[in-house]
Each structure stands twice: as structure tokens, then as C-alpha cells.
Amino acid sequence: MSANGGYNQLGKDWNNYKYTGSLSDRFFDNALGARIQLSIEQKQLPSEQFAGTYSSPQLASGGGPNDFYIATQSAVLTTNQQRRNRNDGSAIFDYASDFVDLSFFNLYSEKNDAVSTAANSISFLNAGNDGGFSRRYSLTSYHTSERSHSLQSLFKLGDTKLNLSLAYTNARTNSPSSQFPMTELVSGIPFASDAIRYNAQPAGLITAMGPSNPANTWIQNFERYNVTLLDENYDGKVDYKIPFKLSDDLSGVVSVGGKYHGVRRESGGSGLYAYFQYGAGKANRDNLIKYFPWIYYDPSGQHGIPVKSFLQPDYNYGKFLDGRYSLDWSASLPLMNSINGAFYNTPGITYWDYGQNDFQNNYASMEDTYAAYGMAEFNLLDNRLSVLPGMRFEREWTRYQAYQIVLNSSNTNGLGGIPQSVTNDRRNDLWFPSVNFKYKLTEAIQIMGAAYKSEAKPNFLEISPLVIYNGAINNGFQAQNPFLKPATAVNLDLSVSLFNNEIGLFTVGGFYKEVSNLIISLANYQPHQNYAWLNAPADLPGRLPALSYYDTTWFATNPTASATIPMNNPQKAYIRGIEFSWQTHFWYLPGFLTGLVLDVNLSYIGSNTEYPYFDQSTVIIGYLPGRQPVPIYGLDYKTRAGSVVDQPKSIANVIVGWDYKGFSTRVSFRYQQTTLTGLDAKYSLSDAYYQNFTLIDVSAKQQILDNLSVFANFTNLSSHIDDYYLNTVVGQLPTSSLSYGLRGQFGVIFNY
């Protein structure tokens with residue numbers, strides 16, 4: 001059994017613990033075994049986040065070809081307080097005999113997360129006007145229950161072995177939430193001109209706008225949401241291994257097998273809101289004051305309920321993101337949540353449907369993957385050479401159902417008409433050949449290599465058929481690409497390793513990948529304008545949803561509506577690199593130094609590809625009919641060179657350890673060089689990056705008795721903040737910063 005507590009620096013919280021107990025034994029001459037384990041856990045998971053938005057690069061009026069600027073548009077400062085309670089129980093039963101080994105695993109897990117979020121938004125576009133400052137508070141309770149069952153069997157049929165396994169997992173999540181949007185009237189100091197926002201740091205603009213004023217801030221709505229999710233996973237696997245020996249110099253194993261993986265997912269969402277604004281919200285305002293007369297009410301207020309009755313007295317958050325920004329005041333989320341619950345259950349109160357949530361979160365999916373493989377291991381040259389050729393076939397079939405939603409803010413439910421259900425089927429058949437080899441050059445030197453094909457599947461969000469049309473506001477729509485194929489890569493690996501007692505294990509290796517159908521984001525996709533494409537590859541229409549896939553009636557009135565959607569890149573991507581690894585134990589050093597251990601891993605990575613985009617061409621390809629014909633400009637398909645997204649240029653992992661007389665400690669360092677995360681496809685003037693970082697973790701364990709030990713673990717010892725930014729012609733502009741703080745864990749382990 002074990003027990004531990006913990007500390008979270010960000011929340012200054014010691015209320016973290018975990019208790020684990022297990023009991024196991026074997027019966028009937030050790031043929032039958034059983035193990036039962038139970039655990040109870042609570043931990044705090046607070047976080048702080050900054051997010052900034054910017055315009056696309058613009059050419060200054062009258063400027064030269066290099067006089068670009070980026071306008072800073074908004075900033076959001078968000079705090080999350082998350083408390084997790086988790087209870088787990090598992091039971092394992094196994095049976096062993098000369099003919100068959102069986103293992104039956106069962107797990108039940110129940111997790112409850114309470115997440116309080118306060119998002120403080122500052123709009124620099126609205127400085128000095130209504131909505132310069134706005135807020136959204138939310139309280140969400142996630143209840144997740146999961147049960148898993150798996151049966152694994154090993155049949156020993158002579159010299160051959162047959163593995164069969166079956167597994168089933170059922171996970172259900174229910175996540176009711178309350179949300180409270182707020183806006184401030186005539187907020188902040190107006191900027192003298194828009195130029196103050198050009199290439200400006202958000203922190204400076206926040207200071208220039210001045211403080212937010214709670215006395216002039218209004219709660220617009222009381223909102224209630226709920227999302228339910230059911231996930232069921234089915235798995236089956238069979239492997240049959242047949243050893244052979246044709247001669248003293250040729251032996252090995254032939255393996256054949258297959259597997260099935262199935263997923264069934266159903267999601268449902270609902271949304272309601274009590275409206276407090278303008279004339280339509282007067283009845284709700286009057287009823288709120290009627291049932292809660294202590295709430296301050298301004299009869300002339302048309303923007304909702306004043307927030308002043310819900311303020312937290314003496315609020316002092318302290319340093320936000322290590323003092324980069326500050327938070328001035330806060331409303332009481334527990335108080336607002338209790339009023340929302342009581343108000344909702346009061347007779348005669350009107351809560352309207354929030355239609356977008358009802359349909360956006362309603363979807364269903366089925367995924368079935370079938371695979372079969374055959375491979376062989378040939379051991380030659382007195383077992384100095386091993387060659388492993390193989391082939392795997394995989395068939396992926398998916399069916400996703402979601403809705404196409406037209407928004408209309410003039411209607412109480414926010415919808416323009418009844419959303420249409422859309423179902424999309426995908427099927428992909430892929431072959432994956434491979435060959436691996438290992439050659440023992442000497443007793444100390446070994447050469448290894450591999451050539452194989454691999455894949456990266458798109459996630460559900462990338463292939464969801466959900467479409468949201470919002471042209472009335474921004475002449476745009478939101479969509480993914482249900483026709484995406486998996487990205488595939490041809491991989492070549494080669495490494496050499498050296499091992500002896502003094503050096504330890506030292507390995508150097510190189511790798512090369514050629515990626516086809518890499519999933520990238522295509523900006524400015526206009527389905528209604530596909531006739532205006534210029535210089536596009538012949539197969540481009542097959543990589544994108546056609547106009548007929550969308551609501552053609554909506555596009556007839558919004559012909560230039562655009563979106564950024566995922567697409568399989570027609571251009572190939574290339575990734576290459578070299579890796580060094582060294583693992584050693586300094587057993588030959590004198591005294592207490594004999595317990596030193598070292599594990600070093602260094603990787604250097606290079607990559608390149610071409611990213612496509614649509615550029616509004618100055619070439620006129622036709623005219624719209626009318627008294628005064630309107631020219632039609634072509635959409636010129638172009639590409640720009642760049643590194644592959646999410647591929648850091650270098651990674652370093654170093655672990656230094658020491659073991660001495662029952663004491664063991666490890667200090668780990670992880671460094672990652674600046675990583676490209678997004679592209680300004682057209683100009684390359686505002687590429688997005690994840691800042692380089694170094695993480696330090698420490699663990700220590702002391703054995704006190706044969707069956708008693710204590711331990712302490714610290715993660716993120718340097719309180720690292722994840723920073724993302726745009727790399728512009730005038731320097732870095734932050735897009736996101738996220739902090740989890742330092743965390744410590746202390747505990748005791750007792751075995752009997």
C-alpha cells in the first residue's frame with residue numbers, strides 16, 4: 001500500500017492526496033492468481049493562460065514592399081481552478097498451466113472534476129467603447145465513469161504460441177455547466193489612432209486602456225449547458241508464432257495475426273439561457289429582483305444585471321503568469337451559480353434554447369479498423385545477423401454524423417432555420433511493408449536498420465462533417481474536411497551501438513522520412529469560387545469538399561465566404577535527423593560515487609515542405625452580369641517553403657541519478673528548441689512558434705526497512721511557462737502563455 005500528499009505552487013494548495021492499496025495471492029499450487037487494487041485520489045490542477053489575437057500582415061499605406069504591420073486586436077487572461085476526485089478499482093485473475101495461460105483484467109474508474117474558469121477579455125478594437133472589457137465566468141462539473149474488461153490467453157501448442165485477446169471499454173461523461181457573460185460599457189481610454197495597435201505588445205495596450213470598472217459592468221445572461229458523451233471501444237487481437245530451424249545457420253520465427261478495433265461514440269448537447277438585456281429581458285430582470293431583492297438593480301439599465309452585487313470583497317489574485325499581467329477584480333462564481341440554479345427552478349422564469357449548442361455538440365461516429373500481418377525473423381551467420389521482413393494490411397472504415405448549422409442572432413435560439421443532419425462515410429485501404437535488420441559486428445558493436453511505411457490518422461475534429469455558417473457576421477463559415485486521408489510516411493532508420501562495462505551503451509543513429517498527404521491547414525478556401533482557381537494541381541478538387549457538400553442556397557447569398565480547413569497536402573514533406581544516446585553506470589568510481597548513473601539523449605531534426613494557399617489574383621477572369629458588370633478575380637494557387645509544423649529542431653533529455661545504500665534519486669532535464677506551430681502561408685511574416693524551454697524534474701526515494709520506503713517527487717521545478725508567439729518583422733508578439741506551476745508529491749510505500 002502507498003499514501004502520498006502533494007503541493008501545487010500555482011494554487012498554493014496542499015489539499016492533494018492519493019491512497020493506494022493492493023492485495024494479491026496465488027492458489028492451487030500457484031496455478032490460479034488474484035490481485036485486487038483500490039485507489040482514492042484528490043488533486044488540484046490550477047492553470048493560468050494568456051491568449052492574444054492579431055490581424056494578418058498588412059502593407060502600410062504608401063509604404064514600400066517591406067513596410068508591413070500586424071495590428072494587435074485583443075487579449076484574454078484566463079484562470080482555471082480544477083479539483084479532481086478519482087476512485088479506481090481493479091481486479092486481475094490469472095490461470096497458468098502447461099497448455100494455456102489466461103489473464104482476466106477488470107477496471108472501474110470514477111472521476112469527478114470541478115472546473116472554475118474566469119476569462120477576462122480586453123478588445124483593443126473597442127478601446128473607449130462598449131465592450132472594451134468583457135468577461136465570461138463558468139463552472140463545469142465533469143463526471144466520468146469508465147469500465148474496462150480484457151481477456152488475454154496464451155496457448156502453447158508444441159513449439160508454437162497462439163495469443164488471443166479480447167477487450168471492451170465503456171466510458172460515459174456528463175458535464176453540466178453554468179456560464180455568465182459580462183460586458184462593460186464605455187470601457188477604457190480611447191486610443192488616439194489605430195496606429196497605436198500596430199506591432200504593439202498586448203501588455204502595453206492593456207496598460208494604455210486603464211483599469212476595468214466593475215461599477216459599469218453588467219451580467220448579460222444566465223446560461224446553462226450540458227454535454228454528454230458515450231464512448232465504447234471493442235478490441236480483438238490474434239498472434240500466432242511458429243519457430244523454425246532449417247539448419248544450424250538458419251533459424252527464426254514466422255508470425256501471422258490480425259486485429260480489430262471498433263469505436264462507437266455518441267455525444268449530446270443542450271443549452272439554455274435567461275436573457276436580461278434590453279426590452280426582451282425586462283421580465284427576467286424584474287423576476288430576478290422579485291425573488292432576490294438584495295441584488296442591486298438599475299431600472300434604467302438595458303444591458304443586464306449590474307455585477308456589483310456579486311463582487312468578491314478584498315479580491316487579490318496575486319501574480320498572474322509570474323507578474324506579466326494583473327487581475328483587478330472578480331465576481332463570485334459560486335454565488336452566481338447558486339442564483340442561476342435557484343432562478344432556473346423558479347416557476348414562470350423564461351430560459352430560451354441556445355440552439356447552436358443543441359446541434360453543435362450532437363454527433364455520432366463509428367470507426368472500424370481491421371488489420372492483418374505476416375512477418376518472419378531469420379537468424380543467420382551463427383545468430384549474428386537477424387532479418388525481419390513483414391507486411392501489414394489495414395482497412396479503416398468510418399461513419400460520422402453531425403449537423404450543418406446556419407446562425408442568425410436575430411432569433412432567440414440563434415439559428416436560421418432547422419439544422420440539417422449530415423452523414424459521411426470514409427474508407428481507406430493501406431499496405432505497410434517493412435524490413436528490419438540487426439547485425440552483430442563484434443561482441444561490443446551492433447548495427448541496426450529499418451525501412452518501413454507508417455501512417456498518421458486525422459483526428460475526429462479534423463474529419464467531422466459539422467459545418468457552421470456565420471456569414472452575417474464575418475462572411476465566413478467553420479468546417480473541417482470529412483474526406484481527409486491518413487498521412488503516410490516512408491521511413492529509413494540506421495544506427496550503430498557500442499556496449500562495454502566502462503562506456504555503457506552508446507548509440508548513434510540517423511533517420512529519414514518522406515511524408516505523403518501530410519495534413520495541413522489551407523487558408524481562404526472559398527467553395528463557391530472553385531471555378532476561379534488558377535494554377536491549381538489537377539487533383540486539388542478531390543482533396544477538398546465540393547460546393548455540393550455545403551448548403552448551396554447559403555453560398556448563393558455569400559459567394560465569397562471563406563474558411564480555413566484541413567487538407568492533405570499535394571506536396572510531399574521531408575524529415576531527417578540524427579540521434580545520440582548514452583546510458584551508463586559509473587560503477588568503477590570510488591566510494592559513494594559508484595552509484596552515479598547517467599542517461600543522455602540528443603536529437604537534431606531538419607524538415608521541409610511546401611505549403612499551399614489561395615492568393616487573390618489581380619487577373620480578371622470574367623464579370624458578374626448587371627448594368628455595371630463586376631469583375632471576377634482569380635484565386636491563384638501558390639505554395640511557400642517552410643519547415644514541417646510541430647517538428648522541433650533539437651531535443652535533449654538528460655537524467656542524472658545516484659543510488660547509495662537504499663537511497664535513490666533522479667534529476668531530469670528536458671530541452672526543446674523553438675518549434676514552428678503555424679504558418680502565415682502567404683507572406684511568412686507572422687509564423688507561429690512554441691518558445692524553446694527547459695524542464696527540470698526531481699525524484700527521490702529512501703528505503704527505510706525491507707518493506708517500508710518514503711519518496712518525494714517535484715515536477716516543473718523551474719515553474720516553466722509555455723509560451724507561443726508570432727515571429728514578425730518587428731519582433732515577437734505573444735499569442736498564448738500557459739502555466740501550471742511547480743508541483744510536489746510526498747508519500748510512503750509499505751509492502752507486506
Side-chain angles (χ1 to χ4, degrees), residues 1-9 14 16-22 24 35 37 39 41 43 438 440-448 495-509 578-604 650-673 693-720 740-752:
M1 59 172 32
S2 66
N4 66 262
Y7 172 73
N8 187 289
Q9 178 196 38
W14 286 91
N16 300 269
Y17 58 81
K18 183 175 183 180
Y19 304 104
T20 302
S22 62
S24 63
R35 177 184 175 89
Q37 180 169 303
S39 67
E41 179 183 17
K43 59 182 177 181
K438 180 170 60 176
K440 195 172 184 180
L441 186 63
T442 68
E443 289 300 318
I445 300 175
Q446 185 170 261
I447 303 172
M448 294 167 289
S495 64
V496 179
S497 62
L498 169 67
F499 174 80
N500 64 37
N501 288 335
E502 286 74 25
I503 295 176
L505 177 62
F506 179 79
T507 304
V508 57
I578 187 168
E579 183 176 6
F580 301 90
S581 176
W582 183 31
Q583 303 171 46
T584 190
H585 175 201
F586 297 99
W587 56 269
Y588 46 83
L589 294 179
F592 67 89
L593 296 178
T594 189
L596 284 174
V597 295
L598 179 66
D599 188 342
V600 179
N601 184 277
L602 305 174
S603 298
Y604 299 94
S650 65
I651 300 173
N653 292 284
V654 179
I655 299 175
V656 180
W658 182 52
D659 302 313
Y660 186 71
K661 292 184 178 180
F663 177 75
S664 178
T665 185
R666 297 291 185 271
V667 181
S668 65
F669 305 86
R670 181 168 187 253
Y671 169 80
Q672 181 173 299
Q673 193 175 355
F693 66 84
T694 301
L695 296 179
I696 304 174
D697 300 332
V698 177
S699 65
K701 181 179 179 181
Q702 175 65 58
Q703 196 75 31
I704 299 175
L705 301 172
D706 289 342
N707 57 354
L708 179 65
S709 61
V710 294
F711 67 88
N713 301 321
F714 298 92
T715 58
N716 194 17
L717 203 63
S718 58
S719 299
H720 163 75
Y740 298 101
L742 178 149
R743 293 173 181 171
Q745 187 181 38
F746 318 89
V748 58
I749 300 174
F750 178 66
N751 299 311
Y752 60 96

Work out which heavy atom in [X] is nearest to a heavy atom in [Y]; give both atom names and the distance.
{"X": "Ala700", "Y": "Asn713", "result": "N-OD1, 4.1 Å"}
{"X": "Leu742", "Y": "Leu717", "result": "CD1-O, 3.5 Å"}
{"X": "Ile655", "Y": "Ser668", "result": "CG1-CB, 3.9 Å"}
{"X": "Thr665", "Y": "Val698", "result": "OG1-CG1, 4.5 Å"}
{"X": "Phe714", "Y": "Gly744", "result": "CD2-CA, 3.9 Å"}

Indicate yes or no: at least one non-hydrogen side-chain atom of [X] is less than 4.5 angstrom from one of [Y].
{"X": "Leu598", "Y": "Val654", "value": "yes"}
{"X": "Asp599", "Y": "Val597", "value": "no"}
{"X": "Phe711", "Y": "Asn4", "value": "yes"}

Here the salt bridge (charged side-chain N to carboxylate O under 4.0 Å, His left out) pairs for residues 657-671, sequence neighbours left out, are Asp659-Arg666
Practice prompt. Could you name each residue pair satisfying side-chain hydrogen bond (donor to acceptor under 3.5 Å, both in side chains) that touches residues 578-590, not counting sequence neighbours?
Written response: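 For residues 578-590: Glu579-Asn601.
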Taking everything shown except [X] itself, do over 12 heavy atoms lie less than 6.0 Å from its [atom1]?
{"X": "Glu443", "atom1": "CD", "result": "no"}
{"X": "Phe586", "atom1": "CZ", "result": "yes"}
{"X": "Asp706", "atom1": "CG", "result": "no"}

For Lys18, the salt bridge (charged side-chain N to carboxylate O under 4.0 Å, His left out) test, sequence neighbours excluded, returns none
Between [atom1] of [X] and [atom2] of [Y], what distance do you get to the nearest 0.5 Å?
{"X": "Asn500", "Y": "Ile503", "atom1": "CG", "atom2": "CD1", "result": "4.0 Å"}
{"X": "Tyr671", "Y": "Ile651", "atom1": "OH", "atom2": "CD1", "result": "10.5 Å"}
{"X": "Asn8", "Y": "Thr715", "atom1": "CG", "atom2": "OG1", "result": "8.5 Å"}
{"X": "Gln745", "Y": "Tyr7", "atom1": "CD", "atom2": "OH", "result": "15.5 Å"}
{"X": "Gln672", "Y": "Thr694", "atom1": "CD", "atom2": "OG1", "result": "10.5 Å"}
{"X": "Leu593", "Y": "Tyr660", "atom1": "CG", "atom2": "OH", "result": "9.5 Å"}

Can you name the side-chain hydrogen bond (donor to acceptor under 3.5 Å, both in side chains) partners of [X], sequence neighbours left out?
{"X": "Gln9", "result": "Ser719"}
{"X": "Ser497", "result": "none"}
{"X": "Thr20", "result": "none"}

Worksheet item: Quick one: does Asn16's side chain have a donor or acceptor within less than 3.5 Å of a partner on Gly5's backbone?
Response: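 Such a contact is absent between Asn16 side chain and Gly5 backbone.
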- Query: Under 3.5 Å, is there a donor-acceptor pair between the side chain of Asn751 and the main chain of Asn707?
  - Reply: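 Not at all, since once roles are kept as given, no pair shorter than 3.5 Å links the two residues.
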For this session: In sequence, state the C-alpha distance, the side-chain angles, and the governing distance for Tyr19 and Tyr17, and then conclude on ring-ring contact (aromatic ring centres under 6.0 Å, His included).
Result: CA-CA 7 Å; Tyr19 304 104; Tyr17 58 81; 5.5 Å; yes
Can you classify the ring geometry of [X] versus [Y] as parallel (below 30°), tilted (30 to 60°) or perpendicular (above 60°)?
{"X": "His720", "Y": "Phe693", "result": "tilted"}
{"X": "Phe506", "Y": "Phe580", "result": "tilted"}
{"X": "Phe746", "Y": "Trp14", "result": "parallel"}

